[in-house]
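Note that the structure is a prediction, hence the values are computed from the model and not measured.
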Amino acid sequence: MGASLQLILLGALALLLVSAGVEDVRFRTIGNLKNAAIALGAPLWWWASGMAFWPDITLQIGCAALVFALFVGAFALSMMGGGDVKLIGALALWLPLAPLLRMLILMSLLGGALTLLMLLGKKLRRRKAQAPIEVPYGVAITLAALIILSEPILNRIG
């Protein structure tokens, strides 16, 4: 039952992530309900995974709070949108430290590539640099999280 519930929860998380990425591309925003659903799904994940309150869940919450606080700083400097920050914080509740760090590194690389592609597209359309581009960073977050989340699933198949 636990493994089945874990796969269901991962599937629901993946659908929410894809939905958040699409929403960010279309509207340059990620809805609070999606972020709340992801965050509120984490305790179910902890339970299905058999995590102990101490130290597992407390470390998970502490790491998520730290990651969220760091990215609130990026938001305060107008480097990221609020929905992006909330999405990262919600994902941090799901991922142990090592996968979380891999996700953040991958997210940064994908976000940089996305930014370069958007700048190139703007230059090719010969638009003046009057307004800064709005990078849908939720796409980079979503792709990085899906790649990291797929590792345990794909490792079970082989």
Side-chain angles (χ1 to χ4, degrees), residues 1-53 56-76 78-115 117-118 133-158:
M1 173 71 179
S4 297
L5 181 57
Q6 285 179 330
L7 286 176
I8 290 168
L9 290 170
L10 285 174
L13 177 59
L15 290 174
L16 284 165
L17 285 168
V18 169
S19 176
V22 169
E23 183 179 9
D24 203 20
V25 167
R26 292 184 69 205
F27 306 111
R28 296 302 193 267
T29 187
I30 300 171
N32 287 334
L33 287 177
K34 283 186 183 78
N35 287 325
I38 290 170
L40 293 173
L44 288 172
W45 173 253
W46 302 335
W47 177 72
S49 300
M51 293 176 74
F53 179 75
D56 302 329
I57 293 172
T58 51
L59 285 173
Q60 199 73 35
I61 292 169
C63 285
L66 179 63
V67 166
F68 181 73
L70 289 172
F71 282 94
V72 164
F75 172 76
S78 299
M79 300 168 87
M80 295 186 96
D84 300 329
V85 172
K86 290 179 258 185
L87 181 58
I88 293 167
L91 281 168
L93 290 168
W94 286 72
L95 299 172
L97 184 58
L100 175 62
L101 292 175
R102 287 196 309 271
M103 193 271 304
L104 292 173
I105 291 167
L106 187 55
M107 173 197 77
S108 299
L109 294 171
L110 291 168
L114 179 60
T115 302
L117 285 173
M118 291 187 72
I133 59 170
E134 288 187 35
V135 178
Y137 214 81
V139 172
I141 299 165
T142 293
L143 288 174
L146 290 174
I147 289 168
I148 295 301
L149 291 171
S150 70
E151 289 175 357
I153 296 169
L154 294 176
N155 288 340
R156 288 183 188 167
I157 294 172

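- In this structure Glu23 satisfies the side chain to side chain donor-acceptor pair (under 3.5 Å) test together with Lys34, sequence neighbours excluded.
- Residues Ile88 and Phe68 have side chains not in contact (no heavy-atom distance under 4.5 Å, counting atoms from C-beta outward).
- In plain terms, the two heavy atoms of Ile30 and Gly138 that are nearest each other are CD1-CA, 3.9 Å.
- Distance CD1/Ile141 to CG/Leu146: 11.5 Å, rounded to 0.5 Å.
- Within the structure, side-chain hydrogen bond (donor to acceptor under 3.5 Å, both in side chains) pairs that include any residue of residues 65-75 do not occur (at least two apart or interchain).
- One distance of note links OH of Tyr137 with CG of Asp24; it measures 11.5 Å at 0.5 Å rounding.
- The salt bridge (charged side-chain N to carboxylate O under 4.0 Å, His left out) analysis of residues 38-48, with sequence neighbours excluded, yields no pairs.
- Although no hydrogens or angles enter the test, the distance criterion places no donor-acceptor pair under 3.5 Å between the side chain of Asp56 and the main chain of Met51.
- Under the rule for a side chain to side chain donor-acceptor pair (under 3.5 Å), the partners of Ser49 that lie at least two apart in sequence or sit in another chain are Gln6.
- Shortest non-hydrogen contact noted between Gln60 and Trp46 is CG-NE1, 3.6 Å.
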Counting only pairs under 3.5 Å, give me each side-chain donor-acceptor contact of residues 90-98, with atom names and distances, residues two or more places apart or in other chains.
| from | atom 1 | to | atom 2 | distance (Å) |
| --- | --- | --- | --- | --- |
| Trp94 | NE1 | Ile38 | O | 2.7 |

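- Taking each heavy atom of Phe75 and Met80 in turn, the nearest pair found is CD1-O, 3.2 Å.
- In terms of the side chain to side chain donor-acceptor pair (under 3.5 Å) criterion, Thr58 has no residue partners (sequence neighbours excluded).
- Atom CH2 of residue Trp45 and atom CD1 of residue Ile8 lie 11.5 Å apart, to the nearest 0.5 angstrom.
- Across every non-hydrogen atom of Asn35 and Gly83, the tightest pair is ND2-O, 3.3 Å.
- By the side-chain contact (heavy atoms from CB on, under 4.5 Å) test, Met79 is found to be paired with Ala74, Leu77, residues two or more places apart in sequence or in another chain being considered.
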Mind listing the side-chain donor-acceptor pairs of residues 9-18 below 3.5 Å, one per line with the distance, residues two or more places apart or on another chain?
none

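- Sorted pairs that involve residues 84-95 and meet salt bridge (charged side-chain N to carboxylate O under 4.0 Å, His left out), not counting sequence neighbours, are lacking altogether.
- Applying the side-chain hydrogen bond (donor to acceptor under 3.5 Å, both in side chains) test to every pair with at least one member in residues 61-72, sequence neighbours left out, gives no pairs at all.
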Can I get a per-line list of side-chain donor-acceptor pairs under 3.5 Å for residues 103-111, giving both atom names and the distance, sequence neighbours left out?
| from | atom 1 | to | atom 2 | distance (Å) |
| --- | --- | --- | --- | --- |
| Ser108 | OG | Leu104 | O | 2.9 |

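- Scanning all heavy atoms of the two residues, the minimum distance from Leu87 to Ala20 falls at CD2-CB, 4.4 Å.
- Applying the salt bridge (Lys or Arg N to Asp or Glu O under 4.0 Å) test to Arg102 and every residue at least two apart in sequence or in another chain returns Glu151.
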